[in-house]
*Asks:* 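Just passing along the structure, written as structure tokens.
Below, chains carry the letters A, B, ... as their sequence lines are ordered, and counting in each starts from 1. Here the structure is a predicted model, which means the values were calculated and not measured. Side-chain atoms are counted along with the backbone in the values below, which use heavy atoms only and exclude waters and symmetry mates.
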Amino acid sequence: MQIPLLGLVDGNNFYASCERVFDPRVRGKPVIVLSNNDGCAIARSQEAKALGVRMGQPIHEVPNDIRKQCVIRSANFALYGDMSGRIVEVLRDLFPRVEVYSIDESFVSFEGVRDPIDLATEARRRILQWTGIPCCVGIGATKTLAKAGNKMAKGTPQGVVHVERAMLDAFSVEDVWGVGRKLTARLGAEGILTAGDLARADSETLRARYGVVLARTQMELNGQACADLEEVEPQRQELVVSRSFGREVTSLEDLSQAVATFAIRACEKLRARSLKANGVWLWLNTNPFKPGQPQYHPSRAFNLIRPTSDTREVLFVAQGLLKAMHKQGYAYKKAGVGLLDLVDSDVVQGDLFSPQDAPRASKSMEVMDSINQRFGRGTLGMASSGWKAKPAWGMRQENLSPAYTQRWDQLMRVR
DNA sequence: TCTGGGGTCCTAGGACCC
DNA sequence: TCTGGGGTCCTAGGACCC
């Protein structure tokens with residue numbers, strides 16, 4: 001039986017392209033999208049890349065004269081998520097199977113497709129026309145090969161590449177999916193410089209020296225699939241909400257508000273996915289970029305007696321953890337709340353000693369979620385998060401574009 | 001002055017058990 | 001001189017991904 005080919009469809013410079021769709025003034029100009037807190041460059045248009053702005057580069061390290069030539073935007077994840085959904089809709093129309101891999105990438109199957117290149121080209125055309133986002137498609141026998149093809153396709157006029165064996169010798173090993181900076185250095189020291197070198201390396205030695213992950217990557221480069229499409233999103237094991245603060249925070253009160261805000265948000269996400277958590281995890285961090293200051297990064301987890309998705313229970317635990325680990329005399333820069341050991345919300349673990357009050361509790365959470373969904377996040381809140389007050393620790397977002405596609409009051413105006 | 005957030009998987013080592 | 005062996009669970013840390 002012929003093994004069906006896989007494709008990887010990926011939005012070019014995705015966040016930067018999203019910014020351009022609704023704002024023609026920035027087309028053709030170098031665009032940089034920043035991480036939360038306006039910290040690092042997390043997306044760059046082709047023009048910004050040409051100016052030497054690197055992925056992940058702190059924006060304050062980009063020389064002033066370069067920065068002045070660029071349009072700089074704060075991350076607008078609500079907009080990008082919405083655009084991502086539109087692209088996936090197009091793909092589901094065209095392909096028999098689709099795996100949404102990340103906000104800007106989907107794997108597709110060419111099962112039963114006579115001419116993969118032709119269909120890939122049509123997908124590109126339709127996505128560009130219907131959403132305004134330019135895409136590339138890589139095609140290969142395995143996910144790793146499709147990823148490589150996608151990378152090769154960037155910058156070609158056709159935007160579609162079907163990977164052939166011979167192409168791997170011109171493909172740098174650092175661009176192989178699953179090979180990061182550390183592995184690139186170690187492999188390079190052994191003379192493994194291209195994907196072709198990696199594919200031909202002795203597999204036993206590779207397995208012994210680098211472990212099973214790289215051994216699988218090698219198999220995939222040789223056309224032997226180790227992973228199939230996952231059309232249903234696998235159940236998450238944990239869920240984390242964490243943020244750097246806009247400025248350093250010292251008081252327990254501010255910290256406590258931040259932790260409450262993250263805990264509330266985490267529970268909202270949990271309920272939106274119909275899950276419950278068996279544990280709560282909290283961590284704090286001082287500013288690692290100021291090694292002269294005293295550093296402290298405590299982390300502590302707490303196991304719950306039974307799984308919950310009730311914000312009040314999680315808040316109670318998170319605040320308890322905070323009190324246990326907070327120390328005076330440190331300037332905190334970041335905190336995170338994690339919900340651990342997640343299970344489906346219909347799983348009820350009986351407990352001999354607690355009353356069964358779950359239905360009532362979940363009802364009030366449902367009401368809160370539906371009000372917030374209808375009237376906007378934060379319409380109904382909890383006092384412990386310093387609800388609605390402008391917090392001392394809030395994030396910097398100085399160049400945020402409008403929520404063009406999610407809010408009536410921010411729709412584009414056409415005169 | 002200014003440095004992201006949310007995940008997964010694997011490995012090694014220690015504690016503990018029989 | 002001269003230690004048992006093997007299994008599980010937990011945690012911490014590393015590496016990678018987008």
*Asks:* A quick test of your reading: do over 12 heavy atoms of other residues, nucleotides or ligands sit less than 6.0 Å from CD of A:E253?
*Replies:* no
*Asks:* Nearest 0.5 Å, what's the CG-OG distance between A:L198 and A:S203?
*Replies:* 11.0 Å
*Asks:* Counting any heavy atom closer than 4.0 Å, what does A:V62 reach on the DNA or RNA strands: base, sugar-phosphate only, or nothing?
*Replies:* nothing
*Asks:* If you only use heavy atoms from C-beta on, which nucleotide in C:dC18, B:dG4, B:dT3 is closest to the side chain of A:S102?
*Replies:* C:dC18
*Asks:* May I ask you to evaluate whether A:K147 reaches the phosphate of C:dC18, defined as a side-chain N or O under 4.0 Å from OP1 or OP2?
*Replies:* yes
*Asks:* Check the surroundings of atom CZ in A:F316: do more than 12 heavy atoms from other residues, nucleotides or ligands lie under 6.0 Å from it?
*Replies:* no
*Asks:* Between A:Y80 and A:E19, do the side chains contain a donor N or O and an acceptor N or O under 3.5 Å apart?
*Replies:* yes
*Asks:* Would you kindly compare A:K333 and A:V241 by the position of their nearest DNA chain B nucleotide and give the one closer to the 5′ end?
*Replies:* A:K333
*Asks:* Looking for any heavy atom pair under 4.0 Å, which part of the strands does A:E105 touch: base, sugar-phosphate only, or nothing?
*Replies:* sugar-phosphate
*Asks:* With A:R165, which residues qualify under salt bridge (charged side-chain N to carboxylate O under 4.0 Å, His left out), at least two apart?
*Replies:* none
*Asks:* Do A:W177 and A:F107 have ring centres separated by under 6.0 Å?
*Replies:* yes
*Asks:* Would you mind telling me which of B:dG7, C:dA15, C:dC18 lies closest to the side-chain atoms of A:L183?
*Replies:* C:dA15
*Asks:* Please state whether the phosphate of B:dG5, meaning OP1 or OP2, lies under 4.0 angstrom from any side-chain nitrogen or oxygen of A:S244.
*Replies:* yes
*Asks:* If you count heavy atoms of other groups shown closer than 6.0 angstrom to NZ of A:K154, is the number above 12?
*Replies:* yes
*Asks:* Considering only side-chain heavy atoms of A:S242, which listed nucleotide, B:dG5, B:dT3, C:dC17, is closest?
*Replies:* B:dG5
*Asks:* Which nucleotide sits closest to the side chain of A:R243: B:dT3, B:dG7, B:dG5?
*Replies:* B:dG5
*Asks:* Are OP1 or OP2 of B:dT3 and a side-chain N or O of A:K290 less than 4.0 angstrom apart?
*Replies:* no
*Asks:* Does A:K334 count as lying over the ring of A:F245, i.e. NZ or CZ under 6.0 Å from the six-ring centre, within 45 degrees of the axis?
*Replies:* no
*Asks:* Using a strict cut-off of less than 4.0 Å between a Lys/Arg side-chain nitrogen and an Asp/Glu carboxylate oxygen, indicate whether A:R73 and A:D38 qualify as a salt bridge.
*Replies:* no
*Asks:* Go through C:dA15, B:dG5, B:dG4 for me and flag the one nearest to the A:K334 side chain.
*Replies:* B:dG5
*Asks:* Got a list of protein N/O to nucleotides 8-12 of chain B N/O distances below 3.5 Å?
*Replies:*
unit_1: B:dT8; atom_1: OP1; unit_2: A:Q237; atom_2: N; d: 3.2
unit_1: B:dC9; atom_1: OP2; unit_2: A:Q237; atom_2: NE2; d: 3.3
unit_1: B:dC10; atom_1: OP1; unit_2: A:R216; atom_2: NH2; d: 2.7

*Asks:* The side chain of A:I42 is closest to which nucleotide in this list: B:dG4, B:dG6, C:dC17?
*Replies:* B:dG4
*Asks:* side-chain contact (heavy atoms from CB on, under 4.5 Å) with A:T144: which of A:Q218, A:R216, A:E220, A:Q224?
*Replies:* A:E220
*Asks:* If I pick the C1' atom on B:dC16 and the same atom on C:dG4, what distance separates them, to the nearest angstrom?
*Replies:* 16 Å
*Asks:* Where the side chain of A:H60 is defined as all heavy atoms beyond and including C-beta, which of B:dG7, C:dC18, B:dT3 is the nearest nucleotide?
*Replies:* B:dT3
*Asks:* If you look at every strand shown and take non-hydrogen atoms under 4.0 Å, does A:D104 touch a base, only sugar-phosphate, or nothing?
*Replies:* sugar-phosphate
*Asks:* By nearest atom, which of the nucleotides B:dG6, B:dT3, C:dC17 is closest to the A:K269 side chain?
*Replies:* B:dG6
*Asks:* Just to be sure I follow the notation: if a pair is Watson-Crick (purine N1 to pyrimidine N3 plus N6-O4 or O6-N4) or a G-U wobble (N1-O2 and O6-N3), each under 3.5 Å, what dot-bracket string does DNA chain C give, with | for pairs to another strand?
*Replies:* ....||||||||||||||
